[in-house]
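One structure below.
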Amino acid sequence: MKRALALAHDALWLTSPNPRVGAIIMDSRGAVLGRGHTQQAGGPHAEIMALRDAAAQGHCVRGATAYVTLEPCCHQGRTGPCCEALIAAGIKKVVASIADPNPQVAGQGFARLRAAGVELEVGPGAAESRALNIGFFSRMIRKTPWVRLKMAASLDGTSALANGQSQWITSPEARADGHAWRARSCAVLTGIGTVLEDNPRLDVREVPSPRQPRIVVVDSRLQTPLDARLFIAGRACIFYAAVENEAKKAALEACGATVVMLPDANGKVDLSAMMHDLGRREINELHVEAGSKLNGSLIRAGLVDEFLLYLAPKLLGPGQGMAALGPLESLAGAVALQFESVDRVGADLRIVARAAGRDQF
């Protein structure tokens with residue numbers, strides 16, 4: 001199963017919105033007959049790739065064991081049902097890490113295998129498989145993406161100088177690492193303030209990537225310039241607005257963008273409704289790179305699941321903070337986090353922390 005999980009990790013930047021799945025087929029002596037991982041959406045799943053690999057090598061898989069990091073699907077989606085392919089190939093046993101949370105599967109794949117007389121074992125590698133697919137599980141169970149907020153700051157918490165200068169506080173290695181996290185996401189979210197101040201591209205360019213994440217902009221009044229660098233050919237852009245502006249909406253749509261009106265009672269974008277809309281648009285992992293105002297709004301609304309923080313070994317003094325949360329009256333009002341990892345990346349520290357108890361779904 002460890003080898004199957006390694007294959008699933010190889011699919012980390014490839015499969016969205018499908019889950020990252022790896023498969024290994026072994027004979028009774030422990031020899032590997034075939035291996036594979038899920039391809040891009042619409043392409044073969046891990047089980048099919050492993051069966052094809054075995055066939056290409058001239059191996060017969062009848063009576064073999066398939067190790068799969070997620071329950072084999074049983075429905076006709078973009079591709080055919082994998083459980084039927086395993087049954088037809090004569091697989092004797094399936095070892096699967098965890099059940100598929102997709103309501104179209106959700107144990108039905110396991111049931112179909114059992115009904116066909118295939119021996120089944122479930123559980124090995126469950127935690128690792130779920131972690132690889134935390135966004136997919138979030139979308140299937142909560143109907144919203146897994147929201148990861150990326151921030152970079154000095155050791156004293158300054159993300160930009162008082163004059164707005166912020167490039168570059170952290171090292172090139174930290175920036176490349178940040179691009180790797182962008183690459184695994186389905187979409188990158190920013191706010192209109194960042195668009196107007198920095199005119200960012202928000203694409204993946206520091207690391208190789210087979211795909212570019214979609215762009216999501218919180219732009220209440222549709223102020224994004226039509227020549228913004230976000231409009232890189234081939235990328236889908238979604239703008240969430242709150243104030244009607246039909247002329248600008250039409251102009252953005254002419255650039256290939258999607259404009260969604262989601263006003264709240266205060267004339268701002270309803271951020272919670274936006275998350276549910278992104279879930280409906282098959283966004284598994286949402287990577288946020290925004291300014292302190294939008295960061296603060298997302299945190300106050302309880303919408304951030306994970307924090308990706310890069311800290312540079314510098315002291316910058318007063319300036320702009322990472323998130324505009326406002327003063328607390330009591331320590332009891334603090335946002336409770338739990339550290340997942342602390343690592344050195346170049347000269348900087350990378351901290352991954354999660355909102356306490358957030359992944360219990």
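The figures that follow rest on heavy atoms only: side chains count, while hydrogens, waters and symmetry mates do not. Please read these numbers as outputs of a predicted model, since none were measured by experiment.
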Report task. Calculate, to the nearest 0.5 Å, the distance between atoms CD1 and CZ belonging to I25 and R35 respectively. Result -> 11.0 Å
Report task. Please step through side chain to side chain donor-acceptor pair (under 3.5 Å) for the pair D348 and S171, ending with a clear verdict. Result -> CA-CA 7 Å; D348 306 313; S171 65; 2.7 Å; yes
Query - Side-chain heavy atoms of V269 within contact of D264, under 4.5 Å - result: no
Query raised in the report: With the threshold set at 4.0 Å, does a side-chain nitrogen-carboxylate oxygen contact exist between E285 and R20?
Result: yes
Query - Pair T258-C237, side-chain contact (heavy atoms from CB on, under 4.5 Å): steps then yes or no - result: CA-CA 6 Å; T258 298; C237 297; over 6 Å; no
Query raised in the report: Short question: side chain of D27, backbone of A64 - any donor-acceptor pair under 3.5 Å?
Result: no
**Report entry** Main-chain N/O of G317 paired to D156 side chain as donor or acceptor, under 3.5 Å
**Finding:** yes
**Report entry** Full working for side-chain contact (heavy atoms from CB on, under 4.5 Å) between Y310 and M151
**Finding:** CA-CA 6 Å; Y310 297 91; M151 298 180 288; over 6 Å; no
Query raised in the report: Are R175 and W168 in a cation-pi setup, meaning NZ or CZ lies under 6.0 angstrom from the ring centre and within 45 degrees of the ring axis?
Result: yes
Query - Spacing of R184 atom CZ and L132 atom CG [to the nearest 0.5 Å] - result: 7.0 Å
**Report entry** R112/E84 under salt bridge (Lys or Arg N to Asp or Glu O under 4.0 Å): CA gap, chis, key distance, verdict
**Finding:** CA-CA 8 Å; R112 178 68 189 96; E84 298 296 342; 2.6 Å; yes
**Report entry** Check: H179 side chain, R205 main-chain N or O, donor-acceptor pair, under 3.5 Å
**Finding:** yes
Report task. Find the distance between CZ (R139) and CG (L278) and round it off to the nearest 0.5 Å. Result -> 11.0 Å
Query raised in the report: Applying the 4.5 Å side-chain criterion to the ILVMFWY set and letting contacts propagate, would V342 and M322 be lumped into a single cluster?
Result: yes
Requested in this report: Would you check, one step at a time, whether the test side-chain contact (heavy atoms from CB on, under 4.5 Å) holds for V21 with V68?
Outcome: CA-CA 7 Å; V21 183; V68 188; 3.8 Å; yes
Query raised in the report: Do you know which two heavy atoms are closest between R3 and V32, and how far apart they sit?
Result: NH1-CG2, 3.5 Å
Requested in this report: Treating Ile, Leu, Val, Met, Phe, Trp and Tyr as nodes and any side-chain heavy-atom pair under 4.5 angstrom as an edge, say whether I215 and V204 lie in one connected cluster.
Outcome: no
Query raised in the report: Which atom pair, heavy atoms only, marks the closest approach of H37 to L14?
Result: CE1-CD2, 3.7 Å
Query raised in the report: Nearest heavy-atom pair of G135 and W146: which atoms, and what distance?
Result: CA-CB, 3.7 Å
Query raised in the report: Between A46 and G36, what is the shortest heavy-atom contact and its length?
Result: CB-O, 3.8 Å
Query - Student check: side-chain heavy atoms of W181 and V352 closer than 4.5 Å - result: yes
Requested in this report: Measure from the side-chain N and O atoms of D100 to the backbone N and O of N102, and report whether any donor-acceptor pair falls under 3.5 Å.
Outcome: yes
Query raised in the report: Do Y240 and L222 have side-chain heavy atoms sitting under 4.5 Å apart?
Result: no
Report task. To the nearest 0.5 angstrom, please state how far the CE atom of M275 sits from the OG1 atom of T144. Result -> 8.0 Å
Query raised in the report: Shared ILVMFWY cluster between V260 and V147, side chains joined below 4.5 angstrom?
Result: yes
**Report entry** Interatomic distance, E340 atom CD to R354 atom CZ [nearest 0.5 angstrom]
**Finding:** 4.5 Å
Query raised in the report: Any cation-pi pair here, R130 with F361, using under 6.0 Å and within 45°?
Result: yes
Query raised in the report: Sub-3.5 Å donor-acceptor pair from the side chain of E71 to the main-chain atoms of G109, do we have one?
Result: yes
Requested in this report: Locate the shortest heavy-atom distance separating P72 from L113; write the atom from each residue and the value.
Outcome: CG-CD1, 4.1 Å
Query raised in the report: How many angstroms lie between atom CG of L325 and atom CD1 of I299, to the nearest 0.5 angstrom?
Result: 5.0 Å
Query raised in the report: Between E306 and L308, is any pair of side-chain heavy atoms under 4.5 Å apart?
Result: no
Requested in this report: Look at the side chain of S138 and the backbone N and O of I134, then say whether any donor-acceptor pair between them is shorter than 3.5 Å.
Outcome: no
Report task. Taking the side chain as every heavy atom from C-beta outward, state whether S16 and R211 have any pair of such atoms under 4.5 Å apart. Result -> yes
Query - Sub-4.5 Å side-chain heavy-atom contact between L309 and R350 - result: no
Requested in this report: Answer yes when R281 and D277 have at least one side-chain N-carboxylate O distance shorter than 4.0 Å, and no when they do not.
Outcome: yes
Report task. State whether the side chain of S330 and the backbone N or O of G333 hold a donor-acceptor pair below 3.5 Å, judged by distance alone. Result -> no
Query raised in the report: Going by heavy atoms in the side chains, are L196 and P225 under 4.5 Å from each other?
Result: yes
Query raised in the report: Is F239 reachable from V218 through a run of I, L, V, M, F, W or Y residues, each pair having side-chain heavy atoms under 4.5 Å apart?
Result: no
Query raised in the report: Does P124 offer a backbone N or O that forms a donor-acceptor pair with the side chain of S97 under 3.5 Å?
Result: yes
Requested in this report: Would you sort out whether R344 and L349 count as a side-chain contact (heavy atoms from CB on, under 4.5 Å), showing the intermediate values?
Outcome: CA-CA 5 Å; R344 284 280 298 272; L349 283 182; 3.9 Å; yes
Requested in this report: Would you check if the side chain of R182 reaches a backbone N or O of D203 as a donor-acceptor pair within less than 3.5 Å?
Outcome: yes
Query raised in the report: Does a side-chain heavy-atom distance below 4.5 Å link H287 with K150?
Result: yes
Query - Considering all heavy atoms, the nearest M1-T69 contact - result: SD-CG2, 4.0 Å
Report task. Kindly work out whether a path of hydrophobic side-chain contacts (I/L/V/M/F/W/Y, heavy atoms less than 4.5 Å apart) joins L155 to F339. Result -> yes
**Report entry** side-chain contact (heavy atoms from CB on, under 4.5 Å), paired with I283, selected from P145, S185, P17
**Finding:** P145
**Report entry** Derivation of the side chain to side chain donor-acceptor pair (under 3.5 Å) call for D219 and T224
**Finding:** CA-CA 7 Å; D219 184 0; T224 298; 2.8 Å; yes
Query raised in the report: Is the backbone of G291 close enough, under 3.5 Å, to the side chain of T194 for a donor and an acceptor to pair up by distance?
Result: yes
